[in-house]
2 protein chains.
Amino acid sequence: MTERAPLSRPRVLRAAVDLADEIGIDAVSMRRLALELGVVPMALYKHVANKDDLLEGMVDTLLGELEPPLTDAHWKTAVRERVLSARRALQRHPWARQALESRTTKTPTVLGYMDSMIGMFLAGGFSADLTHHVMHAFGSRMWGLTQEIFDDSATPSPPPDEATFAQLAAAFPNVANMAVSASHDPDSVVGDGCDDQFEFEFALDLLLDGFEALKERGWSSRLARG
Amino acid sequence: MTERAPLSRPRVLRAAVDLADEIGIDAVSMRRLALELGVVPMALYKHVANKDDLLEGMVDTLLGELEPPLTDAHWKTAVRERVLSARRALQRHPWARQALESRTTKTPTVLGYMDSMIGMFLAGGFSADLTHHVMHAFGSRMWGLTQEIFDDSATPSPPPDEATFAQLAAAFPNVANMAVSASHDPDSVVGDGCDDQFEFEFALDLLLDGFEALKERGWSSRLARG
DNA sequence: ACCTGAACACCGTTCAAGT
DNA sequence: ACCTGAACACCGTTCAAGT
């Protein structure tokens, strides 16, 4: 678009993020990105080492947009708000989940986020030991990411016809029962399946309450391992 | 290998699974797979619609290997054992996580697994409403998958030198503290970071205990939404 | 009707030739 | 020294030509 500004790593990454938002992460190629920037493909290699580095930079760009943590709040509030705020930011970029989860290297931005979250637990009175396990149990939900294989909100884009549904219901009665009861719940959006945000907060609070209970019980991995 | 047996969908999928185990999922291409089977690439298209269908079939093949659920066990035991058994099966195929999570379509095998798991909760006295939310909260951990962005067991393949570590520790004191305390724990494998299986079971039991508490409290989404 | 070689429209990245 | 066009070694998939 602004094809004549000089290339720089931030500008390349920003363009890549915008392009991924527009055409999806799978369609983002070095060549396509170069085209978008009005530049020859090889010019990108001055600013990113390779495609993997590009991906990493894109993730970092996104994480750089996250709101800073609350200070002086109870650990539970601080963690909860941080996670929900990260969720709001990442949800604007549907490809973020895949990109974040496929990256294994921890950039400074990633480490910074984790560091501040660990800090919240420690400040809240969690032992280092418990904090460690709690961080593992938190998993990628710490980033506000939903971790479901089966997204039933996306399931029946075309609602199945009667016969197909009957067949499905016969083979998988419990799944059918669940789908029907979810649709019949007046609080959920009929047809659209589930309320993602409600489900996320349900799981988040379940975890946070669990963490709290362990802390208050004085849980330690040494005791747990017997 | 057994290049002269006639091609069939199961044989194609089995070969793809073995190939993925061997060279990694990213290196599995239609062309590479065809080579492995001693066949021209286009011959595969008689048995799989396209590469996406191949991936789906590979996942299904894996899930077909899962042990059947326990019968006549307490819901918590039944769910726990099923998940841990799925974990054992999927861990033999490191690419399974990515493949499962990138698939959005629910094959009969996937639906069958979910159906039986829903059935375990219902049989255990969970309401349909609670079961629904519990399944969402369970997420991909239901498949025995670990859902962590930050795999600290894989982190320091080359242990960082003193100076690098000091620099890291200065920037991310809490992360450093966590890493050190984990390494100093005599029960954990020093240097190798964390015990994945322990962390998985920790999170699993945290969730199961949380589910149980909600059930006993008579939790309902109607109450929760106020 | 079945099968398949060649072709199409892409990839990421190397490298040597140009300025 | 910097930049880049062409080339290399791949992709998934279409399609027309062969049997």
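Letters go in sequence order (proteins before strands), and every chain restarts at 1.
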Measure CG/L35(B) against C1'/dC11(D) and give the value in whole Å, please. 14 Å
Hey, does the side chain of R31(A) reach the backbone of P41(A) with a donor-acceptor pair shorter than 3.5 angstrom? no
What integer distance in Å separates D26(A):CG from dG12(C):P? 12 Å
For the residue pair Q98(A) and I25(A), establish whether any side-chain heavy-atom pair is separated by less than 4.5 Å. yes
For DNA chain D, what is the dot-bracket line, given that a base pair needs Watson-Crick (N1 to N3, plus N6-O4 or O6-N4) or G-U wobble (N1-O2 and O6-N3) geometry with both distances under 3.5 Å, and | means paired with another strand? ||.|||||...|||||.||
Does the separation of the ring centres of F198(A) and H136(B) fall below 6.0 angstrom? no
I'd like the C1' distance from dC8(D) over to dC10(C), given in whole Å. 15 Å
To the nearest Å, give me how far apart CZ (R31(A)) and P (dG12(C)) are. 7 Å
Can you tell me if R82(B) uses its side chain to pair, donor with acceptor, with the backbone of W143(B) under 3.5 Å? no
dT14(D) and dG12(C): how far apart are their C1' atoms, nearest whole angstrom? 23 Å
May I ask you to list the residues of residues 41-57 of chain B, by number, that have any heavy atom positioned under 4.0 Å from an atom of DNA chain C? M42(B), K46(B)
Here's a test for you: under side-chain contact (heavy atoms from CB on, under 4.5 Å), which of T61(B), T107(B), N50(B), V110(B) qualifies with E56(B)? T107(B)
Taking 4.0 angstrom as the limit, do R14(B) and E65(B) come out as a salt bridge? yes
Send over the distance from M30(B) CE to dC8(C) P, rounded to a whole Å. 21 Å
Using atom C1' of each nucleotide, how far apart are dT13(D) and dT13(C) to the nearest Å? 23 Å
Taken to the nearest whole Å, CG/L7(A) to P/dC2(D) is 16 Å
For a 4.5 angstrom cut-off between non-hydrogen side-chain atoms, does L204(B) reach L84(B)? yes
Using the C1' atom on both, measure dA7(C) against dC11(D) and round to a whole Å. 14 Å
So which nucleotide from dG12(C), dC11(D), dG5(D) ends up closest to the side chain of R32(B)? dC11(D)
I want to check something: taking the side chain as every heavy atom from C-beta on, are Q197(B) and R87(B) in contact at a cut-off of under 4.5 Å? yes
Rounded to the nearest 0.5 Å, what separates atom CD1 in I118(B) from atom CZ in F138(B)? 12.0 Å
